[in-house]
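Remarks on the structure that follows.
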There are 2 protein chains.
Amino acid sequence: MQTDPAPRTAPITRPTLADVAALAGVSASTASLAYSGSGPVSDATKERVLAAASELGYAGPDPRGRSLRRGRSGIVGVVLEERVRAAFLDPVKIQMLDGITEGIAPLGAGLLLLTDTGEEGGNAVGIESAPVDAVVLVGCSPRLGHSVEALRRRGIPAVAIEGATGDDVPQISIDNREATRRGAEYLRDLGHTDVALVTLPFDAARTRGPLTPDLERGSTADTASERLLGARDVFPHATGRAAAVSSIEEGLEAGRALLADPAHRPTAVIAQSDLLAAGVIQAAEELGVAVPAELSVLGFDGIRVDGLQHDLTTLVQPSVAKGRAAGEAVVQLLAGEPPESVCFTSTLHVGDTTGPPPRSPSAAGATPSRP
Amino acid sequence: MQTDPAPRTAPITRPTLADVAALAGVSASTASLAYSGSGPVSDATKERVLAAASELGYAGPDPRGRSLRRGRSGIVGVVLEERVRAAFLDPVKIQMLDGITEGIAPLGAGLLLLTDTGEEGGNAVGIESAPVDAVVLVGCSPRLGHSVEALRRRGIPAVAIEGATGDDVPQISIDNREATRRGAEYLRDLGHTDVALVTLPFDAARTRGPLTPDLERGSTADTASERLLGARDVFPHATGRAAAVSSIEEGLEAGRALLADPAHRPTAVIAQSDLLAAGVIQAAEELGVAVPAELSVLGFDGIRVDGLQHDLTTLVQPSVAKGRAAGEAVVQLLAGEPPESVCFTSTLHVGDTTGPPPRSPSAAGATPSRP
DNA sequence: CAGCCCGCTCGAATCGATTCGGCCTAGAAT
DNA sequence: ATTCTAGGCCGAATCGATTCGAGCGGGCTG
């Protein structure tokens with residue numbers, strides 16, 4: 001009565017530590033000690049246990065039992081606001097992820113990819129129920145609050161990258177507003193007065209389209225809002241368009257819309273990401289608008305953009321360092337130390353996509369403020 | 001008004017299902033049923049349990065206990081042969097990862113990133129001890145055999161992408177040899193006879209340098225070997241250099257070495273990845289060698305390479321489909337169905353980096369085999 | 001020679017949830 | 001009215017490993 005080929009020693013089930021102990025002639029507790037090495041066990045005994053284990057083909061303690069008892073799973077979750085595909089298309093995310101792995105290296109923990117897209121169905125392993133010791137929330141997800149609440153109830157410590165949770169969750173962020181302001185000031189000093197914006201999405205719906213007061217007010221995305229404020233600090237009346245995601249395609253679309261009418265064409269565009277900036281440049285090329293002669297474009301991130309011919313003027317943020325800081329914060333949290341927020345600063349990299357505005361304003365009796 | 005209510009019932013420890021059951025006035029088993037919904041429980045009771053849970057701030061069954069009992073953790077491991085940073089720099093890997101998430105979607109499982117770089121120290125969660133239900137081995141890791149053995153002992157089903165394990169592990173692969181042969185034939189038909197190779201690493205040490213019989217014989221990397229064979233099918237005596245990793249930098253270095261001596265310059269280079277090909281092209285530009293006029297370059301993968309000006313002639317492989325197939329194989333395996341290997345085919349994309357060889361061979365009385 | 005200390009093992013409890021068989025009760029059928 | 005049926009609920013065992021305190025024998029010291 002055996003469905004499987006029943007070898008002499010192997011029952012249907014995999015050997016457990018108890019089996020090993022029995023074969024070695026010791027108690028389960030001793031066998032456990034022999035493995036974890038955290039107790040006084042004679043070398044002879046330990047060897048006997050190991051021998052028994054190898055005879056049984058025992059591959060070491062089952063992580064499930066272990067994590068139940070220990071209360072730790074050795075896994076750190078990374079919560080992405082988008083599906084994995086989208087996140088990995090964003091070079092900034094990848095760099096942060098890499099930084100995170102560096103940061104949590106001392107833990108020797110694994111990285112579990114999670115998304116907080118809505119409810120998890122059935123047996124799904126979501127943020128609500130994943131065997132993680134801590135999580136890193138990546139990106140300013142609109143539904144971040146929901147996730148944080150779930151984690152709090154589960155008693156799982158969290159660190160947020162670029163997402164104000166307003167709680168006891170440590171934040172890893174950058175000077176979004178100040179950085180953008182510096183970039184805007186640079187454009188202003190070049191002589192630009194007619195500046196358009198291309199922003200990251202503001203809300204969970206990822207509404208694409210013209211910037212409206214309603215949209216801005218309803219923002220649940222801090223990064224977009226902060227960068228918007230930084231731009232407005234210098235160009236109070238600047239307006240533009242919101243993209244649905246940070247991608248070249250979205251930037252292209254926004255760029256087409258902004259540059260469509262030659263009569264009302266900005267002399268500069270402040271894009272909230274390098275990918276969006278690249279898209280705007282692509283749109284400019286399509287429409288025969290020269291960059292930077294007729295249009296200056298400013299990006300944000302400091303990544304190398306695939307296929308972009310220009311050396312983009314952009315605000316370079318330390319993505320890897322951000323990730324690493326988040327990882328280190330997780331380590332601290334798990335060690336019981338108090339959470340510590342960090343704010344990095346970005347630097348303006350001047351490339352070849354920005355320059356003085358063209359001599360004659362694109363028509364339209366705009367403020368000729370320069371004598 | 002108490003954010004952290006220290007209610008009469010809440011001790012230092014988090015509530016368990018038993019606590020909830022007690023408060024609801026039912027047994028733990030009933031409470032469990034109320035949550036899993038897999039048994040007959042009256043609506044009234046269920047509601048009472050849920051109410052008790054919310055009163056206690058119970059966030060649902062602990063995944064540790066659940067997975068111990070159920071024997072499933074709801075996590076699928078992805079074993080990368082390199083550190084995460086390196087893997088995510090490779091667009092092919094990212095695409096495969098994305099495909100995997102698609103493939104395992106019906107499982108609702110999380111993805112745990114693992115690397116099989118050597119032994120795991122201390123409490124590290126490695127391939128030896130990770131709470132995974134199955135794993136996908138990505139890439140032809142030299143130490144793959146070791147990983148497979150560990151998994152077999154633990155009884156964890158695995159699927160390998162591009163790595164011959166020679167066992168009962170289902171393989172997801174592509175026609176590396178045939179595809180490369182087709183590419184080589186294309187070059188031959190253009191008139192090339194003097195072709196150099198730039199290969200992926202052959203061994204665990206990632207030895208960089210000239211191809212030698214020793215190196216080729218000692219190969220533990222099937223992808224590199226297969227593609228090499230495909231090239232040799234057409235150019236039996238072709239030689240070249242092995243790169244340490246698939247990257248533009250490595251390709252650049254190999255390209256410099258291959259093109260250094262104007263007297264012994266190949267008219268075409270077969271690179272085993274697009275990144276390597278891009279590096280070779282970069283080297284050619286450095287040295288003033290025109291592509292494709294003086295040098296044809298063939299890549300492999302079909303990705304868009306960052307910053308590359310050309311439309312690379314390459315063998316396009318279905319990376320996402322490979323990942324998806326692997327994910328689907330995992331689902332099958334977990335469902336108890338027999339493993340199923342898949343082999344995809346690549347297609348030759350002719351871009352602008354290949355053309356006929358220059359009129360006068362690069363000097364050196366090389367085999368003027370064409371009359 | 002007796003007593004004490006120390007190092008090694010063992011038992012038993014615990015972590016938190018799930019599952020299976022059995023019991024109980026209310027309503028229905030005869 | 002009695003028996004049958006079935007839906008609901010409970011008890012207890014189980015998953016696999018870890019941990020803490022107790023026991024026990026041998027070596028060292030006074």
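Sequence lines set the chain letters: A, B, ... in the order given, protein chains first and strands last, and positions in each chain run from 1. Computation of the quantities below employed the complete heavy-atom set of this structure, encompassing side-chain atoms and omitting hydrogens, waters and symmetry-equivalent molecules.
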Quick one: A:Leu33 CG to C:dG11 P, roughly how many Å, whole number? 14 Å
Is there a side-chain polar atom (N or O) of A:Ser27 under 4.0 Å from OP1 or OP2 of C:dC10? yes
Look up atom NZ in A:Lys322 and atom CD in A:Glu162, then write down how far apart they are to the nearest 0.5 Å. 4.0 Å
Measure the shortest side-chain to side-chain distance between B:Val138 and B:Ile100 over non-hydrogen atoms and say whether it is less than 4.5 angstrom. yes
Protein-nucleotide distance (B:Tyr35, atom OH; C:dG16, atom P), rounded to Å: 15 Å
Ignoring backbone atoms, establish whether A:Thr30 has a side-chain N or O less than 4.0 Å from OP1 or OP2 of C:dC10. yes
Under 4.5 Å between any side-chain heavy atoms of B:Glu128 and B:Arg153, yes or no? no
Can you tell me if B:Thr16 touches the phosphate of C:dG16, counting only side-chain N or O atoms and a distance under 4.0 Å to OP1 or OP2? no
How long is the straight-line distance from CZ of B:Arg70 back to OG of B:Ser36, given to the nearest 0.5 Å? 6.5 Å
Heavy atom of residues 41-49 of chain B under 4.0 Å from DNA chain C: which residues? none
Atom pair CZ (A:Arg64) and CZ (B:Arg66), whose distance is rounded to the nearest 0.5 Å: 13.5 Å
Whole-Å distance separating the CZ atom of A:Arg154 from the P atom of C:dA17: 11 Å
Salt bridge (charged side-chain N to carboxylate O under 4.0 Å, His left out) partners for B:Arg324, two or more places apart: B:Glu102
Answer whether the closest heavy-atom distance between the side chains of A:Asp19 and A:Thr16 falls below 4.5 Å. yes
So if I take residues 57-69 of chain A and measure heavy-atom distances to DNA chain C, which residues fall below 4.0 Å? A:Leu68, A:Arg69
Spacing of OG belonging to A:Ser67 relative to CG belonging to B:Asp62, to within rounding of 0.5 Å: 8.0 Å
Round to the nearest Å and state the distance from A:Arg72 atom CZ to D:dA17 atom C1'. 17 Å
